Amino acid sequence: MHIDLDAFFASIEQRDHPEYQGRPLVVGAKPGKRGVVATCSYEARRYGVRSAMPISEAVRRLPPETVYLRPSMTRYGEVSRQIMQALEGISPAVEKVSVDEAFLDISGMQRLIGPPEVIGRRAKSVILEGVGLTASVGIGPNRLIAKLASDFRKPDGLTIVLADQVQAFLDPQPLTILRGLGAKSAPVLQRIGLRTVADVRRLSLLELRRHLGDLAGTKIHEQAHGIASDRVHLDSERKSISKETTFNEDITDPEIVRDTLHWAAQEVGYIARQEGRRGSIVTVKIRFQGFETHTRSRTLTTPTSTDKEIFQQAWELYQSEQWVGRPVRLVGLGVSGWASDAAKAAEQADLFDEITADHAPKQERLYQTMDAVSDKFGRKSVRFGVRRRKE
DNA sequence: TCTGGGGTCCTAGGACCC
DNA sequence: TCTGGGGTCCTAGGACCC
């Protein structure tokens, strides 16, 4: 089962401000500035406004009474948390895909709750009663079909696709609904005359691979036949932390680049430390006038989470290029490559060496040392570290 | 028309090692 | 003068998703 909140950010704003209800509302960039629409209310969609549309274009289309708001991510995150909690009351297997989307494994819930339709209605009602928002729900034999089913009827929809209905459900839909056919690869297939999923399904695996590449071709071939994973995973660990900003006007002063990297390093470092992570890859991202984008990354020998170290690495990366003087549109910075278990083990062994080297090899001392190491890394890993030393 | 911000994943070449 | 094959890591770019 896939659950997708309807116009999530916009709906929260309309819920919390009754005066906004029934009016076109846009959450996103400030009108007159650079940026795009994050989400807009259904009243705004009637004017053809969509997510990711440049804000300037949205302003051109929308009437003067439109409400424009900047996103309040902290508030939306809190509502999201409440929703996910409510969904856990239906099935313990909830996979949060984003702030407004989740998969639930409801196989085996039928005896407890009832047929799929009853489970779908239950999901919608716990969300409506819990946070006062509507969601669209899709139920299908795998993740792809559930996701496409929740998209099928919006807002406030409930679509159930049984296993023997999958092909009939997919075939007439435009090929762009398939995951991974975006702005570049969808036109590749459209240029050879394909329009619907049925058209794609008529192509052989070999032909699709030839047009899209081996991996993408295989994936699209599977999807067109309704084949996809039916697993609901636990939420996986994040792999990177990044911060970036686009300037209202392109800048040329390297001091502003420096200050921005400094700010981004503080933001990223703060989150990393809060989550107890240290990363060994620092990446700088620069977008010049005209949208030309470059990244430069560096792998450190010692993972870090300190603002100073992250900033230093980023600033060096920036300075090592012939970039100074070019008008800059965006500056960003990221950290990834978390210290692996092996790296942690090596590091703790080093710490152990360091501490033991400083002390007389008395048994009592050794125990104290092990306590010190275990305070830092946990009891289990100390045993691991000691064993490692014997090898 | 003029393109946010936060992510993940894939590709591809080169280095390096066995 | 000609130089395999496989695996892994590093780096840069880019497609795609929400």
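Small disclaimer: the values here were computed from a predicted structure and weren't measured. Protein chains get the first letters and strands the later ones, always in sequence-line order, with residue 1 at the start of each.
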Contact class for A:K147 (heavy atom, under 4.0 Å): base, sugar-phosphate, or nothing? sugar-phosphate
Quick check against the 3.5 Å criterion: does A:R23 have a side-chain atom that pairs as donor or acceptor with the backbone of A:E65? yes
Should A:I90 and A:V137 be regarded as members of a common hydrophobic cluster, given that ILVMFWY residues are connected when their side-chain heavy atoms come within less than 4.5 Å of each other, either directly or indirectly? yes
Any chain of hydrophobic side-chain contacts (each under 4.5 Å) joining A:L104 to A:V99? yes
Between A:K219 and A:S56, which is nearer to the 5' end of DNA chain B once each is assigned its nearest nucleotide? A:S56
B:dG5 C1' sits how many Å from A:E267 CD, rounded? 13 Å
Go through the steps for A:E292 and A:R326 under the test salt bridge (charged side-chain N to carboxylate O under 4.0 Å, His left out), then give the verdict. CA-CA 11 Å; A:E292 176 191 330; A:R326 296 189 61 183; 3.0 Å; yes
Which residue, A:K147, A:R143, A:K96, forms the salt bridge (charged side-chain N to carboxylate O under 4.0 Å, His left out) with A:E101? A:K147
What residues 40-49 of chain A contributes to the DNA chain C interface at heavy-atom separation below 4.0 Å is none
According to a hydrophobic-cluster definition based on side-chain heavy atoms being under 4.5 Å apart (Ile, Leu, Val, Met, Phe, Trp, Tyr only), do A:I227 and A:L205 belong together? no
Could you tell me whether the phosphate oxygens of B:dC2, OP1 or OP2, come under 4.0 Å of any side-chain nitrogen or oxygen in A:R329? no
Over-ring placement of A:R45 relative to A:Y42, 6.0 Å and 45° cut-offs: yes
When you measure from every atom of DNA chain C, which of residues 182-205 of chain A have a heavy atom less than 4.0 Å away? A:G182, A:A183, A:K184, A:S185
Separation of C:dC17 C1' from A:R50 CZ (nearest whole Å): 18 Å
So, using side chain to side chain donor-acceptor pair (under 3.5 Å) as the criterion, who are the partners of A:T39 when residues are at least two apart? none
Give the rounded distance in Å between these two atoms: CZ of A:R34 and P of B:dG5. 10 Å
Should we say atom CD of A:Q322 is surrounded by more than 12 heavy atoms from elsewhere, each under 6.0 Å from it? no
Contact list for DNA chain B against residues 237-253 of chain A - heavy-atom distance below 4.0 Å: A:R238, A:K239, A:S240, A:I241, A:S242, A:K243, A:E244, A:T245, A:T246
When you compare C:dC16 with B:dC2, how far apart are their P atoms, in angstrom units rounded to a whole number? 24 Å
Which residue lies more 5' along DNA chain B, comparing A:A216 with A:V37 via nearest heavy atoms: A:V37
Among B:dT1, B:dG4, C:dC18, the one nearest any side-chain atom of A:P54 is B:dT1
ILVMFWY network linking A:L203 to A:L178, side-chain heavy atoms under 4.5 angstrom: yes
Taking only Watson-Crick and G-U wobble pairs with both distances under 3.5 Å, what dot-bracket line describes DNA chain B, where [ ] shows pairs that cross earlier ones and | shows pairs with another strand? ....||||||||||||||
Length of the line joining A:K154:NZ and C:dC18:P, which is rounded to integer Å: 10 Å
Rounded to whole Å, please give me the gap between CE in A:M73 and C1' in C:dC18. 10 Å
With no hydrogens and no angle check, just 3.5 Å: does a side-chain donor-acceptor pair link A:R329 and A:T246? no
B:dT3 P sits how many Å from A:E57 CD, rounded? 11 Å
Each nucleotide in nucleotides 7-12 of chain C should get exactly one letter: B, S or -. Can you fill that in based on protein heavy atoms under 4.0 Å? ---SSS
Quick one: label A:R61 by what it contacts on the DNA or RNA (base, sugar-phosphate, nothing), any heavy atom closer than 4.0 Å. nothing
Are more than 12 heavy atoms from other residues, nucleotides or ligands located less than 6.0 Å from atom CZ of A:R75? yes
With no hydrogens and no angle check, just 3.5 Å: does a side-chain donor-acceptor pair link A:Q266 and A:Y270? no
CZ of A:R277: more than 12 outside heavy atoms within 6.0 angstrom? yes
Using a heavy-atom cut-off of 4.0 Å across all strands, would you classify A:K285 as base, sugar-phosphate, or nothing? nothing
May I ask whether A:F291 stacks on the base of B:dC2, given the cut-offs of 5.5 Å between ring centres and 30° between planes? no
In whole angstroms, how far is the P atom of C:dC17 from the CZ atom of A:F103? 13 Å
Once you round it to whole Å, what is the distance between P of B:dG5 and CD1 of A:I286? 13 Å
Tell me, yes or no, whether the heavy-atom count around A:F152 atom CZ, taken from other residues, nucleotides or ligands under 6.0 Å, exceeds 12. no
For A:R273, does the CZ atom sit with more than 12 other heavy atoms under 6.0 Å from it, leaving out its own atoms? yes
Just by distance, with hydrogens left out, do A:D6 and A:T134 show a side-chain donor and acceptor under 3.5 Å apart? yes
